[in-house]
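All remarks here apply to the structure that follows.
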Amino acid sequence: MRRTSSPPPHIHKFGGASLADTASMRHAATIVLQQPEPKVVVISAMAGVTDVLLDVAARAVRGDLEPVRSAAQALRTRHTETARALLRRGPDLDALVQLIDTSIAELEQLAGGLAVLRELTPRTVDYLVARGERLSAQLFTVALREAGCQVAYVDATEVVQTDGMFGRAAPDLGRTERSARRVLAPLLAQGTVPVVPGFLGATPEGQVATLGRGGSDLTATLLARALGAQDVSLWKDVPGLLTADPRIVPDARVVPQMHVREAAELAYYGAKVLHPRALIPIIKRKVAIRIRPFADPASLGTEISQRRTLEQYPVKALSAIPGQALLTVAGNGMLGVPGIAARTFEAVHREGISVSLITQASSEHSICFSVPAESATRARKSLQETFRPELARQEIDSVEVQTGLATLVVVGLGMAGTPGIAARIFSALAEAGINVIATAQGSSELNLSLMVDAKDAARAQRAVHAAFQLSKIGGGAVTHPERSDVVLLGFGQIGRALAPMIAKVKRDGLMLRIVGVIDRSGLIFDARGLSPRRLAALAKAKAKGTSLAKAVGGRRASAAEAVELIARHALANPILVDLTADDTTATLTSALSAGMHVVLANKRPVTAHQRQYDALRAAAQARGRGLLLEATVGAGLPIIDTHQKLIESGDRVAKIEGCPSGTLGYLFGELGRGASFSAALRGAIAKGYPEPDPRDDLSGMDVARKALILGRLLGFAGELEDIAVESLVPAGAGRLSLEDFLTSLEQFDDAWAQRVAAARARGGVLRYRAIVTPRRIRVGLVAVPASSPMAALNGTDNQFIFTTQRYRTNPLVITGPGAGPAVTAGGILNDVLKLAGGGGGGGGGGSA
Ligand code: ADP
Ligand code: ASP
Ligand code: MG
């Protein structure tokens, strides 16, 4: 709209509870005075007045005039006394008292007429009930004027234009905008505060119509829209919009901020705090509504706006609608017959009954829907009428009604596309022993509605509230989930060994699930977790050469795309395990930024350039995520862990020496026993010891990477290129393809036999050794004396010898199996458990 020169006003609406008596009226006036100009004030009827007026109408039409008279008298006294208490004696007060008298006298007159006519039209009800708002707004206007505020009472019929549906009139936005500009804008421009009764509007003929119970909220947002306002304060008797009705859920908390759509959903589904249609005028506008505590004007209450915050809460609030009935239209003859659903709802609609929850079994055998209990009988009659022929032909068996139900509504933007929310709701209810009778998810996916027995409704709300830890939404942290979702990046031998181990983890209060598996071709993902059986089947197929993309439920994607896709889901304490041998730095960085922990068996990202590794660690630190890599050095042996413990206890590590290659250890053992190189290497491959390309082991690169990881722990500042590495790859073999290399192993047998013989002649045993100090790293083949501990290494045993300040003359030696899928998977699992067990074990401690 075109703006007047002054800035848009702030709209302040005071609800009935905030206008209970003299004291609260006075407090409301103080609040208004303190607010910056320009401002518009919208006023509800004094607390309880609307109820009294409706009751007066209902009794009058029954001829029950005695209570009507005393109710009218009570209304007169209440308003007059408040006026006298608030205002000084004088013409203003006299005029107001006169006005109250006239209004109540008219009420009594109207009631008398109703008792004679015995007919009550919605139009009369509206005319009668409108005086509640009109009286309190006029009273408030005078009170503000006395307090020194330049004010003007503006009747709602002059501004709010509606379709004229008495009792639930819908505003006409365009016409209201024009009226507001004509009537309110000039007042605002001259510095006057308009005071408008809420809840009311004009029919096209200019008569008064109400907007439905609680309609003053709508008046406020409507005026905001019409005047281009960006701030609406709804002053209420609650500290804000709460996670649940505080009368039912005692530990309900203020939601600091809520999206308009969430609030709309809540209001629509019965949260009594906001008029269901109040958000419509501003749904796509840059307007922030605040539900503000009348008792504590300085507090922020709840902001309802277009912002999205609190994303860690997929569910933000819940409410329940009592007094619901469930209607079921069922029959075998409905199957595949078009139009049954349409006719069903047409039949209900004809009766003016609104349906709030609908489910249809996919078999189309039945349609269930809920209606307010008081309309159930009418709805059923109408349906029986509509389906008379079908009922006669027994195509429809029956139209059944189940009463005494309540609809529980769980609301949150984060539910959209977040799998597992429904499951959490259902299990919370199941644990509380509550039976869910029907359920439906709104197509907006903003809410999940569940019908329960009315007597369970309160308990159901408390159970769901607790399950989503909504009592902590006001800033208290959500405690760590006892569940952890694991994603395997790489599904080779180690991944296939790890999967069943993860499935078997049984720890108090901890549940580990694999939700995704990624290979070079694509991924398999299910946020609810992949069952051990499914994983076993995938492993089997994979071992046979079927890529994941081709497996049932598989999707094509690059590793980066797969991680990104998975990261979009709300997983519980997610852990990404990198089991590849690729350069995955970019993928891992995005996983960390998305809030995943990372466990590495992959050495590449940590042996890349220092800067790159530092960036990875910084990404972990920035999100408070763990980056653990125990398995990159000694497979299942606690090498990094030992180093960390030494440092934590104040020791200083000067040197780590070792044979960190299970593959080479095994190879030399076999060679020492007289096996040929080709046979020994094939044996190692068959047992799953080497890297995917065994030349990475033979070249010493794998040992060099391990040495670099250890070196970086000790403060070695160099890169992989700075390490002197002695390669064992036979001359010429480096250029072959992996396949060609593997088929031509025999041609290297002789050279290896000679190497072994030469070492033996020197009275030693061949070992591939790394020496790591903070300044220098050397990696290569040595002949060690047969008496040394290194010579005693067996099979795939690794050995790490720590020379430290404390262990100087007698170094600390760690020996054990250092290769093979099972031990490596064991090492990885340890890291996973550290991160899963409360997340605290992580923090990047082991890696830093
Ligand atoms: P007004 O005074 O503006 O008419 P209402 O009575 O319409 O205020 O709304 C406030 C009432 O709504 C509170 O007294 C509270 O009992 C009820 N209520 C129900 N659900 C909620 C909720 N989720 N958050 C806050 N209040 C709620
Ligand atoms: N006084 C009306 C009611 O009680 C409107 C309102 O308070 O918003 O429903
Ligand atoms: Mg209200």
Side-chain angles (χ1 to χ4, degrees), residues 11-20 24 28 42-55 75 125-126 128-137 156 160 167-169 196-201 208-222 232-256 258 262-278 289-295 301-302 304 315-322 408-412 457-458 461 464-465 470-471 473-474:
I11 316 289
H12 294 274
K13 176 248 164 173
F14 292 86
S18 318
L19 302 166
S24 45
V42 175
I43 293 293
S44 285
M46 291 181 77
V49 168
T50 306
D51 288 332
V52 171
L53 291 171
L54 288 171
D55 188 55
L75 285 174
V125 176
D126 276 4
L128 192 149
V129 87
R131 70 202 59 234
E133 262 64 20
R134 284 173 157 163
L135 283 177
S136 66
V160 178
R168 52 190 163 99
V196 184
F199 182 45
L200 314 175
V208 67
T210 63
L211 307 174
R213 291 307 306 265
S216 302
D217 295 332
L218 175 55
T219 307
T221 55
L222 189 62
V232 177
S233 291
L234 304 178
W235 297 93
K236 297 195 182 245
D237 65 336
V238 271
L241 206 151
L242 304 175
T243 50
D245 188 333
R247 294 165 296 187
I248 292 162
V249 183
D251 58 350
R253 291 287 184 279
V254 174
V255 185
M258 197 179 249
E262 291 172 320
E265 208 81 7
L266 263 185
Y268 182 73
Y269 286 102
K272 203 221 136 205
V273 63
L274 203 58
H275 184 277
R277 283 181 286 139
I289 296 181
R290 285 193 170 280
I291 308 283
R292 300 177 74 167
F294 179 72
T302 298
I304 300 171
V315 163
K316 290 223 189 71
L318 41 100
S319 82
I321 318 168
L408 172 66
V409 187
V410 184
V411 172
Q461 288 177 72
V464 174
H465 196 266
L470 292 180
S471 62
I473 201 160

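In listed order, ligands and their atoms are each counted from 1. All heavy atoms count here, side chains included; hydrogens, waters and symmetry mates do not.
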Any protein N/O atoms within less than 3.5 Å of an N/O atom in ligand 1? List the atom names and distances, or say none.
from: ligand 1; atom 1: 2 (O); to: G16; atom 2: N; distance (Å): 3.3
from: ligand 1; atom 1: 3 (O); to: K13; atom 2: NZ; distance (Å): 2.8
from: ligand 1; atom 1: 3 (O); to: K236; atom 2: NZ; distance (Å): 2.8
from: ligand 1; atom 1: 6 (O); to: K272; atom 2: NZ; distance (Å): 2.8
from: ligand 1; atom 1: 7 (O); to: K272; atom 2: O; distance (Å): 3.2
from: ligand 1; atom 1: 8 (O); to: K236; atom 2: NZ; distance (Å): 3.3
from: ligand 1; atom 1: 14 (O); to: D237; atom 2: OD1; distance (Å): 2.9
from: ligand 1; atom 1: 14 (O); to: D237; atom 2: OD2; distance (Å): 3.1
from: ligand 1; atom 1: 16 (O); to: R247; atom 2: NE; distance (Å): 3.3
from: ligand 1; atom 1: 16 (O); to: R247; atom 2: NH2; distance (Å): 3.4
from: ligand 1; atom 1: 23 (N); to: L242; atom 2: O; distance (Å): 2.9
from: ligand 1; atom 1: 24 (N); to: L242; atom 2: N; distance (Å): 2.8

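- Smallest separation of non-hydrogen atoms from A209 and D126: CA-OD2, 3.3 Å.
- Residue-to-ligand polar distances keep G212 apart from ligand 2: every N/O pair is separated by 3.5 Å or more.
- Of all non-hydrogen atoms in L19 and S44, the two that sit nearest each other are CD1-O, 3.3 Å.
- Each of I43, T50, T210, V42 was evaluated against E133; a single residue qualifies, T50, per the side-chain contact (heavy atoms from CB on, under 4.5 Å) test.
- Formation of a donor-acceptor pair under 3.5 Å by the K236 side chain with backbone atoms of V273 is found in this model.
- Here is the list of ligand 2 atoms found below 4.0 Å of a heavy atom in R213: 3 (C), 4 (O), 9 (O).
- Between W235 and F14, the ring planes lie parallel to each other; the angle is under 30°, not in the 30° to 60° tilted range.
- Here the shortest heavy-atom pairing between P293 and G301 reads CD-CA, 4.0 Å.
- Contacts between S44 and ligand 2, counted as non-hydrogen atom pairs separated by less than 4.0 Å, involve the side chain only.
- Distances below 4.0 Å separate heavy atoms of S216 from the following atoms of ligand 2: 5 (C), 6 (C), 7 (O), 8 (O).
- Residues K13 and T219 have side chains not in contact (no heavy-atom distance under 4.5 Å, counting atoms from C-beta outward).
- At a 3.5 angstrom cut-off on N or O pairs, K13 does not count as close to ligand 2.
- Residue V255 comes nearest to T302 through the heavy atom pair O-OG1, 2.8 Å, listed as atom of the first residue, atom of the second, then distance.
- At a 4.0 Å heavy-atom cut-off, ligand 2 touches E133 through the side chain alone.
- Contact analysis puts G214 in contact with ligand 2, with a non-hydrogen atom separation below 4.0 angstrom.
- Taking a 4.0 Å cut-off on heavy atoms, G16 fails to register as neighbouring ligand 2.
- You'll find the side chain of V160 stays beyond 4.5 Å of the side chain of L218, heavy atoms only.
- Taking only nitrogen or oxygen atoms, main chain and side chain alike, D217 does not reach within less than 3.5 Å of ligand 2.
- Remark: side-chain polar atoms of R277 are not paired, donor with acceptor, to backbone N or O of H275 under 3.5 angstrom.
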